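Below, read A as the first sequence line, B as the second, and so on, with proteins coming before strands; counting in each chain starts at 1. Everything quoted here is computed from the prediction, not taken from an experiment. Computed from heavy atoms alone, side chains included, the values below leave out hydrogens, waters and symmetry copies.
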Number of protein chains: 2
Amino acid sequence: MKRFGEEMQQRRKSTRKSPTMLDVAQSAKVSVATVSAVVNGSTPVSPELRSRIETAIQQIGYKRNTIARSLKIGTTRTIGLMVADITNPFFTDVVSVIQDVLHRAGYAVMLCCNDEDINLQDEQIELLLDRMVDGLIIAPAGEDAHLKRILASASVPTVLIDRLCDGIETDAVILDNRRAVLDATAYMLSLGHRRIGYISGSLETSTGRERLAGYRAALDAAALPFDEKLVQIGNFREKDAYKAAMQLLTSAGRPSAIFSANNLMVIGVMKAIRDIGLRCPDDISVVSFDDFPWADVFQPHLTTIAQPVQTIGEQAAQLIIDRLSGRGMEPPRRLMLQGRLIIRDSCRPFPLTAPHATA
Amino acid sequence: MKRFGEEMQQRRKSTRKSPTMLDVAQSAKVSVATVSAVVNGSTPVSPELRSRIETAIQQIGYKRNTIARSLKIGTTRTIGLMVADITNPFFTDVVSVIQDVLHRAGYAVMLCCNDEDINLQDEQIELLLDRMVDGLIIAPAGEDAHLKRILASASVPTVLIDRLCDGIETDAVILDNRRAVLDATAYMLSLGHRRIGYISGSLETSTGRERLAGYRAALDAAALPFDEKLVQIGNFREKDAYKAAMQLLTSAGRPSAIFSANNLMVIGVMKAIRDIGLRCPDDISVVSFDDFPWADVFQPHLTTIAQPVQTIGEQAAQLIIDRLSGRGMEPPRRLMLQGRLIIRDSCRPFPLTAPHATA
DNA sequence: TTGTAGGCGTTATCAC
DNA sequence: GTGATAACGCCTACAA
């Protein structure tokens with residue numbers, strides 16, 4: 001049994017340089033082509049050489065250089081993922097399953113968040129494209145012309161999640177936002193609420209617009225007037241929502257219920273309610289978009305519209321995987337999922353039927 | 001069939017082939033070296049050529065190929081980031097600021113989460129290393145030998161966050177977990193609790209061990225015995241914590257208070273308390289690790305140990321940036337930050353000073 | 001100031 | 001089955 005001289009590679013090792021295919025080839029006394037063949041299983045190699053090469057790889061500690069490989073084959077097996085806010089549990093849930101599915105399929109994910117900032121967004125996408133990602137999954141913060149230009153000229157497949165972009169025809173998986181909010185608003189109406197405050201997200205996003213449209217549609221369906229003083233436009237984040245709710249709560253003709261167009265904002269709303277000295281649901285009702293894992297254990301138990309986060313993530317990942325493996329030129333596929341209204345405790349009938357009236 | 005395939009290949013290639021430096025050079029009638037010079041600003045170029053090249057770049061829509069560049073210069077300007085659970089608000093907060101700081105410094109971040117799974121963890125790190133990241137920021141799920149070997153042989157700087165690893169001497173930023181839990185436990189003791197249940201995270205992690213050590217230390221300091229029946233070992237996630245809390249709550253000699261070693265677990269604890277028909281804090285007190293943005297607006301208002309997430313993220317990012325820009329060989333730096341006990345409402349004195357004078 | 005040529009580590013196309 | 005060798009797109013001495 002011959003032993004491979006460990007001393008021979010010292011020179012290279014001292015420079016901290018990682019071993020290359022050539023090193024393996026020399027050590028196993030074969031050509032790089034053969035090494036490549038066993039590493040990739042691309043062409044059959046005789047058992048003898050194969051084992052010689054494999055032990056050489058072990059000994060040297062060879063790892064194939066993905067950068068060089070990518071340069072050669074023109075693919076990075078990396079997906080760029082951009083969401084507006086990674087601090088938002090909805091997005092983290094989705095990101096988590098996307099990451100999981102993609103990992104299983106052999107893709108890495110490069111993550112960016114733009115903090116709902118439209119300029120940062122463009123920068124992030126450029127950065128992702130710059131890294132030569134094979135595909136893009138994004139939840140756009142807004143729809144500026146720049147974004148559209150970038151996506152149009154980008155040669156990689158894109159799938160939009162959560163939010164659509166006018167004029168961008170790509171695969172997408174979104175929620176039926178209008179319907180979801182329509183249902184939720186109808187529910188509030190059915191409980192007797194007539195003045196329902198609405199804390200909106202940014203109307204730069206399709207979700208912002210569609211959810212508001214759902215609210216209006218419910219009002220219309222009930223032949224109720226739309227009072228724009230009841231609507232406050234925020235940006236999907238807690239701080240703005242706090243201010244917006246404050247505005248609503250201190251104005252003349254305070255609403256008896258408030259709808260919050262996402263999860264982060266409802267926290268701002270609740271803080272405003274607390275700071276103003278009211279209680280939910282005793283003094284004011286609240287319904288929100290997006291569910292929380294803790295929603296049915298901390299009080300008030302929030303009545304919310306839950307999104308199928310698991311499915312959204314799975315489908316988005318699958319769409320990009322499909323696109324990348326063959327279905328290059330097929331027409332865009334759009335998946336629209338349904339939300340689910342979870343009725344808990346934060347929205348009560350109005351006017352309140354006194355609970356301890358006679359008992 | 002074959003024919004068709006070839007055609008597709010051809011077509012795709014012709015459609016998606018992006019312009020190279022050579023194309024720019026030819027279009028501007030200069031050499032690639034000059035193009036490279038203006039793209040990178042590496043050597044001065046005459047104004048005339050520069051503008052000619054710049055317009056050519058515009059016209060052609062040239063983007064430099066980072067893969068080729070990386071292969072040449074040996075750096076990807078990408079940092080690998082691995083956390084145990086991206087669904088955990090603590091990690092997302094930290095990830096968010098790391099991503100932000102790193103982006104500002106011109107780095108992209110490649111994100112992985114291992115779901116507290118030690119095998120997945122090794123896989124993820126290999127994947128990251130495989131992608132030739134310039135550095136690693138990780139919160140290890142556990143400390144198996146494989147991980148240590150990988151990190152030891154990895155030639156990129158690593159910074160550990162949140163959790164340390166025995167035998168891995170790298171930069172790190174962590175919390176003084178022992179002290180934080182010691183303080184929190186002392187607080188519970190000061191309120192009169194004597195039987196304090198402890199829901200632990202995995203003892204495979206330094207945080208799991210240190211936090212438990214803090215609990216014991218507080219008991220010791222108060223000359224109280226350590227009762228191992230009061231301790232349940234979980235894995236930092238809601239589900240296990242639920243079971244653990246159930247165990248605790250249904251056993252003889254039920255504790256009057258429970259400490260939860262992280263944020264996800266406290267939700268499981270609260271669910272168990274609810275399902276068993278108890279109320280917090282009326283029937284049982286709870287203190288937890290990690291704060292929530294909603295903790296002071298939903299009830300019970302949780303008494304928790306808050307971590308300085310902003311600082312943790314900033315410091316971690318800065319450590320890796322520093323390491324990457326020069327300070328290559330300096331000894332590892334370890335930052336230990338202090339937690340802050342936020343006293344709210346979920347932990348009451350024991351025995352309760354009866355508010356309505358019963359019996 | 002500008003151009004030429006060699007090489008980064010792989011993969012793929014050929015010969016043998 | 002195996003081995004030279006030419007790309008992949010870019011950077012950087014070294015020349016001119």
Do any side-chain nitrogens or oxygens of T34(B) fall under 4.0 Å of OP1 or OP2 in dT1(C)? no
In whole Å, I'd like the distance from the CG atom of D130(A) to the P atom of dG9(D). 15 Å
Protein-nucleotides 9-11 of chain C N/O pairs under 3.5 Å:
from    : atom 1 : to     : atom 2 : distance (Å)
dG9(C)  : OP1    : K17(A) : NZ     : 2.7
dG9(C)  : OP2    : K17(A) : NZ     : 3.4
dT10(C) : OP1    : Y62(A) : OH     : 2.5
dT10(C) : OP1    : N65(A) : N      : 3.2
dT10(C) : OP2    : M21(A) : N      : 2.7
dT10(C) : O5'    : Y62(A) : OH     : 3.4
dT11(C) : OP1    : N40(A) : OD1    : 3.3
dT11(C) : OP1    : N40(A) : ND2    : 3.3
dT11(C) : OP1    : R69(A) : NE     : 2.6
dT11(C) : OP2    : S36(A) : OG     : 3.2
dT11(C) : OP2    : N40(A) : ND2    : 3.1

Do R131(B) and T78(A) get their side chains close enough for a donor-acceptor pair, meaning under 3.5 Å? yes
What is the distance, rounded to the nearest whole Å, between atom CD1 of I67(B) and atom P of dC11(D)? 13 Å
Using whole Å, report how far CD of Q26(A) lies from P of dT2(D). 19 Å
Hey, are the side chains of T170(B) and V159(B) touching, using non-hydrogen atoms and a 4.5 Å cut-off? no
Ion pair E126(A)/K63(B), N-O distance below 4.0 Å: yes
Need one value for L49(B): base, sugar-phosphate or nothing, where a base atom within 4.0 Å counts as base even if backbone is also close, heavy atoms only. sugar-phosphate
dT2(D) OP1/OP2 closer than 4.0 Å to side-chain N/O of S46(A): yes
In plain terms, say whether R64(B) and D130(A) are close enough for a salt bridge, that is, a side-chain N and a carboxylate O under 4.0 Å apart. no
Would you check if there is a donor-acceptor pair between the side chains of N119(B) and E123(B) at a distance under 3.5 Å? no
Sidechain N-carboxylate O distance under 4.0 Å for D322(A), R333(A): yes
